[in-house]
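What's counted below: heavy atoms across the whole structure, side chains too, no hydrogens, waters or symmetry copies.
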Amino acid sequence: MRTLIKDLLPHAPKIGLYVTPEIPQKRLRGATRDYAKDTRPEDILALYDGTFLGNGKDGAVFLEDRLIFQNSDLESPQTVCYRDIVFIESSRSKLRGAQIVMEVNRGRATFSVKLDLSRHPESTEYIEQLLRNVMLLPDPSNSKETDWAAVSRALDRLRSDGSLTEADYKKLMNVRS
């Protein structure tokens with residue numbers, strides 16, 4: 001996960017993105033006191049600051065196994081484990097701003113959550129690319145087994161939204177052993 005963040009997320013304060021070890025303490029404190037209360041600052045690998053004042057109290061923190069975010073003080077914080085993400089779609093519009101919609105599967109329920117990136121819409125492509133990559137990482141708690149059905153569903157969605165070519169889809173589906 002650390003490698004993916006270093007490779008895919010720039011440390012770019014102008015677009016609200018901060019990568020460890022260069023995350024300002026003020027923003028870490030804001031996030032851990034407001035919406036990521038059960039998170040230790042040293043466990044945060046990256047942070048998106050969605051505030052106007054730069055205090056980190058709205059936005060997202062990226063950890064080894066999950067993302068915690070709060071779009072505004074009017075909404076409850078959301079925690080999304082990367083292994084539970086089954087589909088991602090981003091959108092940008094003048095009326096709704098920029099957002100990433102994630103389909104999250106928890107047990108028998110699948111639901112949508114939206115990460116609002118309207119304060120810094122330029123960060124959307126970076127965060128979307130990171131999430132697309134981490135959703136395909138193996139679940140570390142499941143050491144030797146792969147949930148083939150979940151992988152197959154994720155690949156089907158990537159193929160249907162045009163993110164995965166038919167040829168690559170076929171190659172990946174033939175990897176099963």
Side-chain angles (χ1 to χ4, degrees), residues 1-10 15-20 23 27-28 30-51 56-92 96-121 123-142 146-147 149-158 160-161 163-164:
M1 184 60 191
R2 290 177 189 276
T3 303
L4 278 176
I5 285 178
K6 295 262 186 225
D7 290 346
L8 299 174
L9 279 187
I15 61 171
L17 291 174
Y18 300 87
V19 178
T20 193
I23 305 172
R27 287 174 172 83
L28 281 173
T32 56
R33 288 180 181 166
D34 193 65
Y35 65 90
K37 292 181 180 175
D38 295 331
T39 305
R40 298 180 315 170
E42 60 269 21
D43 293 336
I44 296 173
L45 304 176
L47 180 141
Y48 166 74
D49 185 0
T51 65
K57 292 184 177 183
D58 291 324
V61 294
F62 300 86
L63 302 144
E64 195 73 41
D65 61 340
R66 68 194 179 283
L67 154 75
I68 304 170
F69 67 93
Q70 178 175 285
N71 294 321
S72 74
D73 285 334
L74 302 175
E75 295 181 24
S76 298
Q78 300 282 327
T79 299
V80 176
C81 292
Y82 302 130
R83 69 173 185 268
D84 294 339
I85 302 172
V86 294
F87 182 74
I88 295 172
E89 181 177 56
S90 68
S91 65
R92 290 172 74 167
R96 293 194 179 134
Q99 63 184 5
I100 293 177
V101 178
M102 294 171 272
E103 293 291 322
V104 179
N105 184 358
R106 289 201 186 128
R108 295 182 181 193
T110 300
F111 54 93
S112 296
V113 294
K114 294 177 185 174
L115 172 57
D116 183 3
L117 302 169
S118 297
R119 176 74 182 114
H120 299 287
S123 65
T124 305
E125 67 181 278
Y126 299 108
I127 295 173
E128 179 183 16
Q129 185 65 28
L130 175 69
L131 293 175
R132 283 190 186 279
N133 278 272
V134 298
M135 72 184 254
L136 298 175
L137 290 176
D139 180 358
S141 67
N142 204 359
T146 299
D147 182 350
V151 170
S152 179
R153 285 192 306 274
L155 291 175
D156 284 337
R157 286 190 177 106
L158 289 171
S160 68
D161 78 4
S163 298
L164 186 65

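Gly97 and Ser118 get closest at one heavy-atom pair: CA-OG, 3.3 Å. The heavy-atom pair separating Ser90 from Thr124 by the smallest distance is CB-CG2, 3.7 Å. The two atoms that bring Met102 and Phe69 nearest to each other are CE-CE2, 4.0 Å, heavy atoms only. Counting all heavy atoms, side chain and backbone alike, Pro10 lies closest to Val19 at O-CG2, 3.8 Å. Considering every non-hydrogen atom in both Arg106 and Phe111, the closest pair reads NH1-CZ, 3.3 Å. Closest approach of Ala46 and Ile5 over heavy atoms only: CB-CG2, 4.0 Å.
Cys81 SG to Asn105 CG: the interatomic distance, rounded to the nearest 0.5 Å, is 12.0 Å. Annotation: the span from Gln129 atom CD to Asp7 atom CG amounts to 11.0 Å, rounded to 0.5 Å. Atom CD of Glu89 and atom CD of Glu103 lie 9.0 Å apart (nearest 0.5 Å). The distance from the CZ atom of Arg27 to the CG atom of Asp49 is 5.0 Å, given to the nearest 0.5 Å. Atoms CG and CG, on Leu9 and Leu45 in that order, are 10.0 Å from each other to the nearest 0.5 Å.
The shortest distance between side-chain heavy atoms of Arg132 and Glu128 falls below 4.5 Å. Contact of the Val134 side chain with the Leu67 side chain is not registered, since no non-hydrogen atoms from C-beta on lie closer than 4.5 Å. Using a 4.5 Å heavy-atom cutoff, the side chains of Arg119 and Thr51 are not in contact. Taking the side chain as every heavy atom from C-beta outward, Phe62 and Ile127 approach each other to under 4.5 Å. Here the side chains of Ile100 and Ile88 are in contact, with some heavy-atom distance below 4.5 Å.
No donor-acceptor pair under 3.5 Å is formed between the side chain of Lys57 and the backbone N or O of Tyr35. No donor-acceptor pair closer than 3.5 Å links the side chain of Asp116 to the backbone N or O of Asn71. The closest donor-acceptor contact from the side chain of Tyr18 to the backbone of Leu28 lies at 3.5 Å or more, if one exists at all. Listed for the Tyr82 side chain is a donor-acceptor partner under 3.5 Å among the backbone atoms of Arg66.
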Applying side chain to side chain contact (heavy atoms under 4.5 Å, CB included), run through Phe87 and Met135 and close with a yes or a no. CA-CA 8 Å; Phe87 182 74; Met135 72 184 254; 5.6 Å; no
Would Leu136 and Leu158 count as a side chain to side chain contact (heavy atoms under 4.5 Å, CB included) if you check the C-alpha gap in whole Å, the side-chain angles of each, and the deciding distance to 0.1 Å? CA-CA 11 Å; Leu136 298 175; Leu158 289 171; 3.9 Å; yes
Apply side chain to side chain contact (heavy atoms under 4.5 Å, CB included) to the pair Asp43 and Val61, showing each step before the final yes or no. CA-CA 10 Å; Asp43 293 336; Val61 294; over 6 Å; no
Could you walk me through whether Glu64 and Arg2 pass the side chain to side chain contact (heavy atoms under 4.5 Å, CB included) check? CA-CA 7 Å; Glu64 195 73 41; Arg2 290 177 189 276; 3.7 Å; yes
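When only modelled atom types and interatomic distance are considered, Asp58 and Gln70 share a side-chain donor-acceptor pair under 3.5 Å.
Of the candidates Leu63, Ile68, Val104, Asp38, Ile68 is the only one forming a side-chain contact (heavy atoms from CB on, under 4.5 Å) with Thr79.
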